Amino acid sequence: MKVTRVAAAGLAAGIFLSATACGSDDGGSSSGGGSDSGDVTIGIVELNLSNPFFGTLQKATESAATAKGWKTMKAEAKVPGDSATQVTAIENMIANKVKAIVLDPANPTALNPVVKKARDQGILVITVNATLTPIEGADATFATDNTAAGKLIGQWAKASAPAKPRIAMLDFDLSDGPAGGRHNGFLEGYGIKDGDPSIAGSALTKGTIETGQSAMENLLSAHPDINVVYTINEPVARGANTALKNKGLADKATVVSVDGACSGVQDVKDGIIGATAMQFPSKMGQLAVDAISKYLADGTKPTAGLNDSGTTLITDKPVDGLESQTSDWGLQNCWGEK
C-alpha cells in the first residue's frame, strides 16, 4: 500500500487470468510430483498491476518461478477490496492442480474458505505483502513488518519534529492490515496513542495523490498549525505536500511515509518527504518462490506466520541512534520507475 494492498492502493475487480510457461505458448497447466521443470505450475494472485508495487512483486515472483522452469497461472485484480475475483482465480488454480499459490489478498478474511480448500488439497499457499486473518490461514507470509516500518518513521519524526508538534494522520482503511500496522507503528515510534492532544486531526485516503491532497486541504482548513504529517504511502505524501505548498506551509511541516518507490525516494532527495521506510517487494516474491521450491523438494514448509522481508529508513537528515540510508542509496535500491 504501496499501501499496499495499501503499498499504493488499488486492488481487485476485473481480473486477468492466464497461464504461461517458460519457452512455451502453451496456456494450460500441468500437475505431477516433484519440482522438475515442466512438472510444476504455481498460481500468482496479485492486486492491481498498474500499481508499481504490485507489479514489481508479481514480476519478481514470476521471474523466480520461470528461472526454475516452472509454469505460472496469473490473476490480476483491479478494484480495492474485491476478493470475489481472487476467489474465482484460486478456484481455477485448484482445478488446474497447481502445486502452490502466491497470494496478495484483497481482503484479510473473505479468502479464508478458498485458501483452506486449496491447502486441504495439498497446495501450499503463501501470502505476500498482506496477511490473512488469522495469519495462520496461509502456510506462511512474506511481507513487510508494517508496524516496524511505521515505528521507524515515527521515531525519526519524533527526533526531527518541533517542540510543540501538531500532527496530521493521513491513513487508509485501518481494517487493512498494512494500513493498521503502519498507523499503530508510527504512534508507537512517536511515543503517543490515538487521541493524544498532539494529533491535530486525521483523515482516511484511498492511497492516491489526489486523495492525499484533498485530505490535507481539509485538515489544514481546520488546523493551519499542522507541522508533522504522517502519510500511509508516498503518493499520499506527494498530495499532502501539494496542499501544504499551496498554503505556503511546505517549509513548516515535516512529512513522513512508507514505501520506497523510486518516485518516493526522489521526493526524499527533493525535500518533499523528510523520511520514508523502504519496502522490498522483489524480495517478497523471491522468498516465496524459494519456500515453494524447498517444499516441493522435501516437503519442508516455511515458517508459519510473518516472515519479515525487511525495511530500511531512507532520509537525508539522519538522527542519532536510528540507522538509516541516504536517498542516493535509496535510488540504487528502490522499486518502480525512476
Side-chain angles (χ1 to χ4, degrees), residues 1-18 42-65 72-90 92-93 98 100-112 114-115 118 123-133 135 137-146 149 172-173 175-182 207 233 258-261 279-289 291-292 302 305-309 335-336:
M1 309 191 317
K2 290 187 173 191
V3 168
T4 355
R5 219 179 354 248
V6 168
L11 312 181
I15 193 164
F16 172 71
L17 183 62
S18 66
I42 70 166
I44 304 172
V45 183
E46 249 306 335
L47 303 180
N48 181 7
L49 299 184
S50 66
N51 178 320
F53 181 92
F54 305 139
T56 299
L57 177 49
Q58 191 265 0
K59 288 177 182 177
T61 308
E62 183 179 12
S63 293
T72 61
M73 292 186 69
K74 298 177 292 182
E76 176 190 357
K78 297 179 180 177
V79 173
D82 183 2
S83 56
T85 48
Q86 291 194 324
V87 169
T88 299
I90 293 171
N92 289 339
M93 291 171 183
V98 299
I101 296 172
V102 180
L103 167 66
D104 193 347
N107 180 284
T109 57
L111 293 158
N112 283 337
V114 74
V115 169
I123 298 170
L124 188 74
V125 180
I126 294 176
T127 53
V128 289
N129 175 51
T131 68
L132 298 176
T133 301
I135 194 170
D139 288 290
T141 296
F142 293 96
T144 301
D145 184 335
N146 283 285
F172 183 81
D173 178 3
S175 67
D176 175 88
R182 295 177 192 185
N233 65 9
V258 177
D259 262 346
Q279 305 183 88
F280 299 95
S282 292
K283 186 176 180 182
M284 296 177 196
Q286 181 65 62
L287 289 170
V289 169
I292 293 168
L306 177 64
N307 296 271
D308 186 11
S309 53
W335 46 268

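Treat the numbers as computed from the prediction; the structure is a model and nothing was measured.
- Within the 4.5 Å cutoff, the side chain of L47 has heavy atoms near those of the Q86 side chain.
- Residues satisfying the side chain to side chain contact (heavy atoms under 4.5 Å, CB included) criterion with V114, sequence neighbours excluded, are V87, I90, E91, I94, L111.
- Under a 3.5 Å cut-off, the side chain of N112 and the backbone N or O of T133 do form a donor-acceptor pair.
- Between N146 and Q279, the closest side-chain pair of non-hydrogen atoms falls below 4.5 Å.
- For the atom pair CE of M284 and OG of S309, the computed distance is 3.5 Å after rounding to the nearest 0.5 Å.
- Remark: N307 pairs with A140, F142, T303 by the side chain to side chain contact (heavy atoms under 4.5 Å, CB included) rule, at least two apart or across chains.
- Scanning all heavy atoms of the two residues, the minimum distance from V115 to L103 falls at CG2-CD2, 3.9 Å.
- Remark: side-chain polar atoms of D139 are not paired, donor with acceptor, to backbone N or O of L124 under 3.5 angstrom.
- Looking at N233, its side chain does come within 3.5 Å of a backbone N or O of G207 through a donor-acceptor pair.
- Two residues are said to be in side-chain contact when any heavy atoms from C-beta on lie closer than 4.5 Å; F53 and N129 meet this criterion.
- Heavy atoms only, all atoms of each residue included: V98 and I123 are closest at O-CG1, 3.4 Å.
- Between P281 and L57, the shortest heavy-atom contact is O-CD1, 3.2 Å.
- Nearest approach of P105 to T131, heavy atoms of both residues: CG-O, 3.9 Å.
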Please test D104 against V128 for side chain to side chain contact (heavy atoms under 4.5 Å, CB included), starting from the C-alpha separation and ending with a verdict. CA-CA 5 Å; D104 193 347; V128 289; 4.2 Å; yes
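- Residue I44 forms a side-chain contact (heavy atoms from CB on, under 4.5 Å) with just one option from E62, M93, E76, and that option is E62.
- Of the possible polar contacts, one joining the W335 side chain to the D259 backbone as a donor-acceptor pair under 3.5 Å is found.
- Partners of S63 by side chain to side chain contact (heavy atoms under 4.5 Å, CB included), not counting sequence neighbours: none found.
- Partners of T141 by side-chain hydrogen bond (donor to acceptor under 3.5 Å, both in side chains), not counting sequence neighbours, listed by chain and number: T127.
- Taking the side chain to side chain contact (heavy atoms under 4.5 Å, CB included) definition, one finds that A64 meets it with Q286, V289, sequence neighbours left out.
- Contact record, G285 with T61: CA-OG1, 3.3 Å, taken as the closest heavy-atom pair.
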